[in-house]
Undergrad: 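So that we are looking at the same thing, I have put the structure below in structure tokens.
Throughout, protein chains are lettered first and strands after them, A, B, ... in sequence-line order, and every chain is numbered starting at 1. Atom set for the values below is all heavy atoms of this structure, side chains included, hydrogens, waters and symmetry mates excluded.
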Amino acid sequence: MKNIPNNSQVARLLKNVAAAYEVTGENQFRIAAYDRAAVAIEHATSEAKDLWDDGKLTEIPGVGPNIASHLDELFRTGKVKHFERVMKGLPLAMFVLLDVPGIGAKTAYKLCRKLKITDAQKAVSQLELAAKQGKIAVIEGFGEKSQHDILDGIKALKQGKTKENRMVLPYATAIAEEILAYLKECPGVLRTDPLGSLRRKVATIGDIDIAVATSEPAELIDWFIKFPKTQKVVEKGPTGATISLRNGRQVDLRVQKPDLYGAMLQYFTGSKHHNIKLRSLALKKGLSLSEYGIKRVTSNKSRVISYKTEEEFYQALGMDWIPPELREDTGEIEAALRQAQGKPDGLPQLVKLSDIKGDLHLHSNFPIEESHDSGVNTILEMATAAISLGYEYLGLTEHNPSQSQHSHQQIKNLIMAKKEAIDQFNSSRTHNLPVKLFNGLEIDIKTDGTLAIPEDCLDLLDYGIASIHSGFGLNRERMTARVLKGLAHSKIKIFGHPTGRKLGQREGYELDWDKVFAFCQKYHKWLEINAWPDRLDLPDILVREAVKRGVKMVINSDAHTKEDLIMMTWGVTVAQRGWAQKADIANTLACGKIENILKGGDI
DNA sequence: GCCGTTTTCGGCCCGACTGTTTTCAGTCG
């Protein structure tokens, strides 16, 4: 059986072709085209193989007829003759060295040639040895410093600096907020903002980047490096500084005068692709963008016009301000332009935390003898916390009682007991709390697609959340069948943490999303956006897809303590990055409407 | 090689940094 390359393997192949072209001196735009296509495929929501099956490869932006035909050959035969010709005569080892930070195509090629590195398996260790023996510094174009930098790069590569080291968003935000509060105490500070992925609220963050507008840059930078948790000052210059904290995290500061702050904020917020699209668009209007502002390209001497705010910057380009969460070049620029021209399909009115009227996935400590971990607080404590958040309703969704430990009747009794407790709460005159409780349950979908609870117990519930907690290894086809079977029961309203991913720990299982979306749309099931910080699941790109297809979602905290309820906010940021509006999110509905839907009525 | 509400041909993002250099090439974000 032939190996079907997945998206990251296809992307890698295209990157290697780009690198090969760079060495052979190919046209720079062709090189850039391969790089763009590689990145697009790496970030695509569907597997390239599936798009190929449907003849839709060129729907990936950056993939045109040429690359599509090469990939066609790849999927049919497992190889691409044209690519083999391009890479012929180049050492395979050079493509491995591209993983070393600081080494690009030309450097990798030169090192392989001069040091006679041919074995791809041992390329990195051979390079390391050569550097330690001083054999790199003597090569023309290299020196002591670059030899040392290569060793640093190899070290970083070995530590897996790229991925495992990323922080989840709430953790990075907490660090940033502490530093921002500290910086605001410095005299002369007018404004502070996070930058980069942190400001765009990406699910995982590499470095923490921060911007400050101040009339006194030098004082601010001195203030910054004295931040109490600083372990080491990595770098300090006139426009910024980098420190590393005692927790090992790196923080970059950029300082700018108030008059230039808007352009800088825009530039360093990114994303890279958003900025590239913006610049190429501006260029068509004869404008050149940079971190300092906008200038006309027609005359050499034209001065740069600066911008105090991002709003003015975007306005100067003929569009409305774009929320940072949307800046990924996935259509937000076009939408902003349409909006500025008064046309339909402008920027979305993103759902807000204050739109959320209830939480439908959380765990109390009610003794239901669950299959997985239970919550720590009582139903009453959870309800009281919900009221302080302004919620109208709450869905208690403990895990189902473990099947192996209980008889059918025991399970029924446990669920009956919880139902009675909730009914009593709802009708109680004693506490009279203005919040409605729903009797829910989080139910495992077993590997054969059946639910881990007897059928007649489902009737006791207001609704069920079906989730996967085991058997992650099924292939895509079986997993999809399993999920759809699990969701089929009329009492199951929500598909919980749908991809099963744990950030920094594991990838999700494989699903045929086309089928899942179609099913949920047809049978009015809600996809959960689980707000738990290391889940954030659905991921933003699938939220976007759900929005496009009219599939409703629900944002839930998955709280196990009363304090956890505020995690909701992270789910909202994911929804925002997926372009979700209030109408896309079920728990923005008032209590009466939710109740009606759960009873099986239309809204 | 890709792409199109100023183009199906003629364009294609910008600047900083770094190291090794006498004026620049490579890498990065």
Undergrad: Separation of Ile294(A) atom CD1 from dG15(B) atom C1', in whole Å?
TA: 16 Å
Undergrad: Report which part of the nucleic acid Tyr109(A) touches: base, sugar-phosphate, or nothing (heavy-atom distance under 4.0 Å, all strands).
TA: nothing
Undergrad: Hey, mind stepping through Arg191(A) and Asp193(A) against salt bridge (Lys or Arg N to Asp or Glu O under 4.0 Å) and telling me if it holds?
TA: CA-CA 7 Å; Arg191(A) 193 177 158 171; Asp193(A) 289 278; 2.8 Å; yes
Undergrad: Have a look at dT5(B) and give me syn or anti from its glycosidic angle (syn if within 90° of zero).
TA: anti
Undergrad: Just say parallel, tilted or perpendicular for the rings of His70(A) and His82(A), cut-offs at 30° and 60°.
TA: parallel
Undergrad: More 5' along DNA chain B: Leu287(A) or Ala68(A), using each one's nearest nucleotide?
TA: Ala68(A)
Undergrad: Decide, yes or no, whether a salt bridge links Lys155(A) with Glu128(A) under the criterion of side-chain N to carboxylate O below 4.0 Å.
TA: no
Undergrad: Between Arg200(A) and Glu325(A), is there a side-chain N and carboxylate O pair less than 4.0 Å apart?
TA: no
Undergrad: Sticking with atom C1', work out how far dT20(B) lies from dT27(B), rounded to a whole angstrom.
TA: 14 Å
Undergrad: So which nucleotide does dT8(B) pair with, by the Watson-Crick or G-U wobble rule with both distances under 3.5 Å?
TA: none
Undergrad: Check every strand shown and say whether Leu337(A) touches a base, only sugar-phosphate, or nothing at a heavy-atom separation below 4.0 Å.
TA: nothing
Undergrad: Taking atom P in both dG1(B) and dT5(B), compute the distance separating them and give it to the nearest angstrom.
TA: 23 Å
Undergrad: Could Glu22(A) and Lys106(A) be called an ion pair, given the rule that one side-chain N must be under 4.0 Å from one carboxylate O?
TA: no
Undergrad: Which part of the nucleic acid, if any, lies within reach of Leu283(A) when heavy atoms closer than 4.0 Å are counted: base, sugar-phosphate only, or nothing?
TA: sugar-phosphate
Undergrad: Quickly work out the Arg36(A) CZ to dC3(B) P distance and round it to whole Å.
TA: 8 Å
Undergrad: Indicate for each nucleotide in nucleotides 16-29 of chain B, in 5' to 3' sequence, whether protein heavy atoms under 4.0 Å reach the base (B), only the sugar-phosphate (S), or nothing (-).
TA: S--SSS----SSSB
Undergrad: If the P atom of dG10(B) is compared with that of dC17(B), how far apart are they to the nearest Å?
TA: 38 Å
Undergrad: If you compare all heavy atoms of Leu278(A) against all heavy atoms of Gln266(A), which two are closest, and at what distance to 0.1 Å?
TA: CD2-NE2, 3.5 Å
Undergrad: Write down the distance between NZ (Lys284(A)) and P (dT7(B)), rounded to a whole number of angstrom.
TA: 10 Å
Undergrad: Please report, rounded to the nearest Å, how far the C1' atom of dC3(B) is from the NZ atom of Lys277(A).
TA: 10 Å
Undergrad: What interatomic distance, in whole Å, is found between C1' of dT6(B) and the corresponding atom of dG11(B)?
TA: 13 Å
Undergrad: Going by an N to O cut-off under 4.0 Å, is there a salt bridge joining Arg338(A) and Glu334(A)?
TA: no
Undergrad: Roughly how many Å is it from CD1 in Ile276(A) to P in dG11(B), rounded to a whole number?
TA: 20 Å
Undergrad: Expressed as a whole number of angstroms, how long is the span from Asn27(A):CG to dG11(B):P?
TA: 13 Å
Undergrad: In whole Å, I'd like the distance from the CG atom of Asp329(A) to the P atom of dC3(B).
TA: 12 Å
Undergrad: Just the rounded figure in Å: distance from C1' of dC2(B) to OH of Tyr34(A).
TA: 11 Å
Undergrad: Could you give the distance separating dA16(B) and dT21(B) at their P atoms, to the nearest angstrom?
TA: 24 Å
Undergrad: Between dT8(B) and dC2(B), how many Å separate the two C1' atoms, rounded to a whole number?
TA: 12 Å
Undergrad: Between dG29(B) and dT22(B), how many Å separate the two P atoms, rounded to a whole number?
TA: 27 Å
Undergrad: Less than 4.0 angstrom from a charged side-chain N to a carboxylate O is my criterion; do Asp72(A) and Arg76(A) meet it?
TA: yes
